[in-house]
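For the numbers below, each heavy atom of this structure counts, side chains included, while hydrogens, waters and symmetry mates do not.
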There are 2 protein chains.
Amino acid sequence: MKVKLTKNQQLVLDALTRAETPQTAYNLLDELREEGLRAPPQIYRALDKLLELELVHRLESLNAFVICAHDHHDQGFSAFSICEACGKVSEFSPQEVAGLLQGWAAKNNFVAKSTTIELRGHCIRCD
Amino acid sequence: MKVKLTKNQQLVLDALTRAETPQTAYNLLDELREEGLRAPPQIYRALDKLLELELVHRLESLNAFVICAHDHHDQGFSAFSICEACGKVSEFSPQEVAGLLQGWAAKNNFVAKSTTIELRGHCIRCD
DNA sequence: ACGAATTGTGTTATGTTATTACATATGCTA
DNA sequence: TAGCATATGTAATAACATAACACAATTCGT
């Protein structure tokens, strides 16, 4: 399951690893211009691959991307809290929530391929 | 709590009521051109108001809008399943999920102002 | 009924996010 | 080493969203 990343993929992954907060594709493009990246598709293509490998996550409510925080992979399920003041994101893996949503889906004849859970609000430091 | 909608707000609400599937702002603009709407701000302003009144919901993973399905208002919490084949959306209100997420937030010193839950997948008819 | 304040409208322009299309390059594998 | 799949670079464009400004309609207090 080990995969060797290409140069652009590694550049984008590193940029997201350095970032304290979610980055948009255009943030990343600006950040990586000096590394030779010039156009949006270079960023989006790298992001697509990293998303597929689940090394990064997309935050739908921000149109932005974050590095995957930990080894939730087995659980295939992440939720995020997003502080609207400082921008910091926490990733967590609420198994019971997954179960409940799965239960709803089963009852309602829906097959979920992916689930987005994002809490917007304030962390304690920003209250 | 009864509010009289303005002409543009009513036009947008009606268009979303007629729609079987989520509509983007530009879909709505096209739909409502013959009613005299010409520019994006007219749509977005109406949508902002309707969102504030919770008569419509925004689907973050689609950048699109749906009519609010029922009286979840008291519960202040909605989740959505989105069929990627037919586009149909179901809205539901998983109270226990709300409780679990609230519990996580409390433990982690996070104050959630709003929560997005969206399941992407296939409904039974599209399997 | 009046004027002030608030809310909504119409419009142009622009900002932001994402994709299409196509030509070239790189690396794997038979 | 030829062929194929994957990745790259680039320009152009599509799709989603907001800023700014002038004016109109509505609401509210007196």
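- Nearest to the side chain of Gln9(A), among dA7(D), dT10(D), dG8(C), sits dA7(D).
- When each of dT10(D), dA18(C), dA7(D) is scored by its nearest atom to the side-chain atoms of Lys49(A), the top-ranked nucleotide is dA7(D).
- Distance CG (Leu5(A)) to P (dA7(D)): 10 Å, rounded to an integer number of Å.
- Summarising the geometry, the separation between CG on Asn63(B) and C1' on dT19(C) is reported as 14 Å, rounded to the nearest angstrom.
- Ring geometry for Phe110(A) versus Trp104(A): interplanar angle of 30 to 60°, hence tilted.
- Residue Pro40(B) has its side chain nearest to dA17(D) when only dG9(D), dA17(D), dT11(C) are considered.
- Across dT9(C), dC16(D), dT17(C), the shortest atom-to-atom separation from the side chain of Tyr44(B) is found for dC16(D).
- Under 4.0 Å is where a charged nitrogen must lie from a carboxylate oxygen, and between Glu60(B) and Arg58(B) at least one such pair does.
- Checking dA17(D), dT11(C), dG9(D) against every side-chain atom of Ala39(B), the shortest atom distance belongs to dT11(C).
- Proximity note for Arg45(B) (side chain, C-beta onward) versus dA18(C), dT10(D), dA20(D): the nearest is dA20(D).
- The side chain of Tyr26(A) approaches dT17(C) more closely than any other nucleotide in the set dT11(C), dT17(C), dA17(D).
- Using a 4.0 Å heavy-atom criterion, one finds that Ala25(B) contacts no nucleic acid atom at all.
- Nucleotide dG15(C) holds its P atom 17 Å from the CG atom of Asn27(A), rounded to whole Å.
- The heavy-atom pair separating Asn8(A) from Ala46(A) by the smallest distance is O-CB, 3.9 Å.
- Side-chain proximity of Arg58(B) to dA17(D), dT11(C), dT9(C): nearest is dA17(D).
- Rounded to whole Å, atom C1' of dG8(C) lies 13 Å from atom CG of Leu50(B).
- OP1 and OP2 of dG10(C) both lie 4.0 Å or more from every side-chain N or O belonging to Arg38(B).
- Summarising the geometry, the separation between CG on Asn8(B) and P on dT7(C) is reported as 17 Å, rounded to the nearest angstrom.
- The residues Asp30(A) and Arg33(A) are annotated as salt-bridged, a charged nitrogen and a carboxylate oxygen being separated by less than 4.0 angstrom.
- The side chain of Thr24(B) approaches dC16(D) more closely than any other nucleotide in the set dC16(D), dT18(D), dA18(C).
- Between Gln42(B) atom CD and dC23(D) atom P there is a gap of 17 Å when expressed in whole angstrom units.
- Look at CG on Leu29(B): it is 15 Å from C1' on dT18(D), rounded to the nearest Å.
- Distance from the side chain of Lys7(A) is smallest to dG9(D) among dT11(C), dT20(C), dG9(D).
- With respect to the salt-bridge test (charged N to carboxylate O, under 4.0 angstrom), the residues Arg18(A) and Glu31(A) qualify.
- One finds no side-chain N or O of Thr6(B) lying less than 4.0 angstrom from the OP1 or OP2 phosphate oxygen of dT7(C).
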